[in-house]
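This report refers to the structure that appears directly beneath it.
Whatever order the structure lists ligands and atoms in, that order sets their numbers, starting from 1. When reading the values below, keep in mind they use all heavy atoms of this one structure, side chains included, and skip hydrogens, waters and symmetry mates.
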Amino acid sequence: MKFFVDTAEIDAIRELHALGMVDGVTTNPSLIMKSGRDIKEVTKEICDLVDGPVSAETVALDADGMIAEGRELAKIAENIAIKVPLTWAGLKACKVLTDEGRMVNVTLCFSANQALLAAKAGAAFISPFIGRLDDINLDGMELIHDIRVIYDNYGYETQILAASIRTVNHMTEAAKIGADVATAPPAVIKAMANHVLTDKGLDAFMADWAKTGQKIL
Ligand code: G3P
């Protein structure tokens with residue numbers, strides 16, 4: 001499973017990138033707002049750092065506006081994936097931009113039918129929002145599973161980009177189901193390294209090592 005980082009914080013992306021953990025980056029208007037940065041400037045910085053797809057989201061609500069904004073965002077770098085919402089206008093924009101040879105990430109997906117439409121419209125990525133479904137007592141992972149089955153039934157090449165990931169368990173489950181990509185906040189990716197038995201085992205090793213009186217360096 002590829003890891004995308006769901007943030008516009010350049011320092012956090014740089015730290016994970018240095019460890020080989022970053023196959024791409026996703027941003028959205030809320031993440032740009034949180035970063036306090038200019039969308040074009042920060043997106044360019046991210047694209048200079050990361051080779052994989054970097055999603056930048058349009059904000060127009062009509063198809064023509066999304067297409068124009070998408071073309072403008074795509075000028076930032078070769079690896080821009082234009083993010084459009086899963087509305088009828090977004091699907092129209094997806095088809096036009098895809099036909100121009102651009103990568104499109106269709107976002108705010110909450111149903112398997114929406115994902116089917118995005119694949120038909122040629123999306124490179126579909127972004128089902130797991131956490132926001134869980135928030136309203138629905139099952140975000142069931143949606144990832146349903147999309148996986150449907151895409152595999154018909155050989156759609158649209159990649160399932162599990163989004164709105166909030167926990168380390170979301171990462172495990174998305175990987176088990178076979179999501180192509182998971183995009184997660186940096187804190188979730190870092191938390192995947194944690195295990196209480198690792199900490200406990202390390203404490204015991206350190207205590208025993210101290211008793212030997214030895215040094216390696
Ligand atoms: O990738 C979409 C993501 O940013 C949404 O996450 O936690 O705001 O639902 P969240």
Pairing residues for D135 by the side-chain hydrogen bond (donor to acceptor under 3.5 Å, both in side chains) criterion, not counting sequence neighbours
R166

Say whether [X] and [Y] are linked into one hydrophobic cluster, either directly or through other cluster members, by side-chain heavy-atom distances under 4.5 angstrom.
| X | Y | value |
| --- | --- | --- |
| I165 | L138 | yes |
| L73 | L86 | yes |
| M141 | M192 | yes |

Which protein N or O atoms sit under 3.5 Å from any N or O of ligand 1? Give each pair with its distance.
unit_1	atom_1	unit_2	atom_2	d
ligand 1	1 (O)	D6	OD1	3.3
ligand 1	1 (O)	D6	OD2	3.1
ligand 1	4 (O)	D6	OD2	2.6
ligand 1	4 (O)	N28	ND2	3.0
ligand 1	7 (O)	R166	NE	2.7
ligand 1	8 (O)	R132	NH2	2.8
ligand 1	9 (O)	R132	NE	2.6
ligand 1	9 (O)	S164	OG	2.7
ligand 1	9 (O)	R166	NH2	2.9

Could I get the full list of side-chain contact (heavy atoms from CB on, under 4.5 Å) partners for V181, not counting sequence neighbours?
K2, F4, F125, Q159, L161

Transitive ILVMFWY cluster of L31, excluding itself - 4.5 Å side-chain cut-off
none

